[in-house]
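Read through the structure below, which is laid out as structure tokens, and then see the notes.
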2 protein chains.
Amino acid sequence: MQMSSNISIERKKVDCNALPKGWQREEVLRKSGISAGKVDVYYYSRAMRTDASLVPPIRQTASIFKQPVTVVRNHEWNKVKHDTKQVAQDKPKQLFWEKRLENMRACHATGEEFDDIVLPKSIKPLGPNIHEQTVMQSLATALHVLNTPVTGQTATKTEFQKNATAYINPDQPLMQGVLISEDDIRRQEDRVNLARRKLQEALKA
Amino acid sequence: MQMSSNISIERKKVDCNALPKGWQREEVLRKSGISAGKVDVYYYSRAMRTDASLVPPIRQTASIFKQPVTVVRNHEWNKVKHDTKQVAQDKPKQLFWEKRLENMRACHATGEEFDDIVLPKSIKPLGPNIHEQTVMQSLATALHVLNTPVTGQTATKTEFQKNATAYINPDQPLMQGVLISEDDIRRQEDRVNLARRKLQEALKA
DNA sequence: CGGAGTGCCTTA
DNA sequence: TAAGGCACTCCG
């Protein structure tokens, strides 16, 4: 049986010289359960996901939704166990927040601006005055933030023109629904296989 | 590389006569990787953790807590996207559900009842009319269901007598807080080492 | 943090 | 060399 002599060290960030510049190693001790005492190691290049600078520019004010409330008699108020699971509620989402990025361009450290990125034809913008570069930013954010599939909006173009605010799905980027066919999958498999064969041949030489 | 000629047979549970009653053998075919085609054999002695019959008798009705609600104009009601993340809320926990087990006893298949189980002296019941057999059931359920440490209630006996419902921690069994000292750990290590030595000697003979 | 699933060392 | 068994990774 092993026990750490210092129980307060359960998370530590390490600047590790063996790592490429800008990478960081974090060790987190598992505190409970079957696997208590094991260590999970995480590597980060640049800022973490929770970094405020990577959060899209949605409204920052507090939630207006009602929260569950427990009423207790006065002399017991400081003994009540608060159920943290119920307190955590999502903030309301700002619709069309992508518009705030509309006139901004990414640039090199030198100040030189990047060229526009060209999206595949199957990705079509959806929404009032949403054009290619805005969908690009919307889609990139969705891929970065969502931990569910990115499929686009399900409402039709007509519905969106009638009342975009009513038909928008705020979890998905501002593009028309994208369908991946069996053929698409097969084509992608072919590309991967081709790349593998090329790699094998390169390794032989 | 070996592959089964019938790809649908990649997991099979077998009632094996050579096994003691109640045991089950499962064979799982490895589907990918270097060791694809190899078979892993698992033995189970009773139901798995997810078995519904093992869930303690907590209240089964729906939540009475308020849920976030979105008001929409009438002609659009069937187009609203419901945010599933917000709908999923925990059911309220039934306090003192252990009382439902109070007059029940485990028995053999023959109908013969088990003797009462005697708990260590360090485990003390806590709560209105909670006695040894009820703590036993409360504790057994906690050990089975929790994936966090089982430590007992933190409130004092006096607080519990004053207002059990206010001071109860519903995540923990109905026993007074239990402390494991370094000495307890050392004593347990000694017991394990002794048992190992006995086993070694038995294996030599 | 748990569990499914795979890597790979040990044994005979 | 294969089977057994444990360590480990990966992902939800």
Side-chain angles (χ1 to χ4, degrees), chain A residues 1-4 7-14 16 18-19 23-45 48-50 83-85 88 90 142-151 171-172 192 196, chain B residues 1-14 16 18-20 23-56 83-90 140-151 171-172 192 196 199-200 203-204:
Chain A
M1 181 172 181
Q2 290 183 332
M3 295 200 82
S4 168
I7 54 168
S8 69
I9 301 183
E10 42 196 32
R11 295 183 82 95
K12 52 178 172 184
K13 292 184 185 173
V14 193
C16 182
L19 259 37
W23 284 80
Q24 230 182 4
R25 178 189 165 105
E26 186 185 17
E27 300 174 0
V28 179
L29 184 69
R30 295 193 174 188
K31 287 177 286 296
S32 63
I34 289 286
S35 58
K38 299 229 172 204
V39 173
D40 288 310
V41 181
Y42 301 88
Y43 294 93
Y44 302 101
S45 70
M48 353 235 106
R49 278 200 112 118
T50 50
D83 188 341
T84 48
K85 287 172 206 156
D90 287 348
L143 287 169
H144 182 78
V145 165
L146 259 58
N147 42 15
T148 53
V150 176
T151 51
D171 292 326
Q172 288 290 333
V192 171
R196 282 185 178 157
Chain B
M1 181 168 172
Q2 290 182 332
M3 295 202 83
S4 166
S5 57
N6 185 342
I7 54 166
S8 69
I9 302 185
E10 42 193 34
R11 295 182 83 95
K12 52 179 173 184
K13 289 186 183 170
V14 193
C16 181
L19 260 34
W23 284 79
Q24 230 182 2
R25 178 189 165 103
E26 187 186 16
E27 300 174 0
V28 179
L29 184 69
R30 294 193 174 188
K31 290 177 283 296
S32 63
I34 291 285
S35 59
K38 204 184 152 175
V39 172
D40 289 306
V41 182
Y42 298 88
Y43 295 92
Y44 301 102
S45 69
R46 57 170 144 175
M48 352 235 108
R49 272 191 113 108
T50 49
D51 188 328
S53 70
L54 289 177
V55 172
D83 188 341
T84 47
K85 284 174 207 156
Q86 299 214 359
V87 171
Q89 299 244 345
D90 285 350
T141 303
L143 287 168
H144 183 76
V145 165
L146 260 60
N147 41 17
T148 53
V150 176
T151 52
D171 292 326
Q172 287 290 332
V192 171
R196 282 185 177 157
L199 181 60
Q200 277 186 337
L203 285 173
K204 279 180 194 162

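Just so it is clear, the model here is predicted, and its values are computed rather than measured. Sequence lines set the chain letters: A, B, ... in the order given, protein chains first and strands last, and positions in each chain run from 1. Every heavy atom of this structure was used, including side-chain atoms; hydrogens, water molecules and symmetry mates were not.
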(request) Enter the distance from B:Lys38:NZ to B:Arg30:CZ here, rounded to the nearest 0.5 Å. (result) 5.0 Å

Show the distances under 3.5 angstrom between N or O atoms of the protein and N or O atoms of nucleotides 4-7 of chain C.
{"residue": "C:dG5", "atom": "OP2", "partner": "B:Arg11", "partner atom": "NH1", "Å": "2.9"}
{"residue": "C:dT6", "atom": "OP1", "partner": "B:Ser32", "partner atom": "N", "Å": "3.2"}
{"residue": "C:dT6", "atom": "OP1", "partner": "B:Ser32", "partner atom": "OG", "Å": "2.8"}
{"residue": "C:dG7", "atom": "OP1", "partner": "B:Ile34", "partner atom": "N", "Å": "3.1"}
{"residue": "C:dG7", "atom": "OP2", "partner": "B:Ile34", "partner atom": "N", "Å": "3.1"}
{"residue": "C:dG7", "atom": "OP2", "partner": "B:Ser35", "partner atom": "N", "Å": "3.0"}
{"residue": "C:dG7", "atom": "OP2", "partner": "B:Ser35", "partner atom": "OG", "Å": "2.9"}
{"residue": "C:dG7", "atom": "N7", "partner": "B:Arg30", "partner atom": "NH1", "Å": "2.8"}
{"residue": "C:dG7", "atom": "O6", "partner": "B:Arg30", "partner atom": "NH2", "Å": "2.8"}

(request) Name the first nucleotide and the last nucleotide along DNA chain D (5' to 3') that come under 4.0 Å of a heavy atom in chain B. (result) D:dG4 to D:dG5

(message) For the backbone of A:Thr151 and the side chain of A:Gln172, can you confirm whether one donor and one acceptor N or O come within less than 3.5 Å of each other?
(response) yes

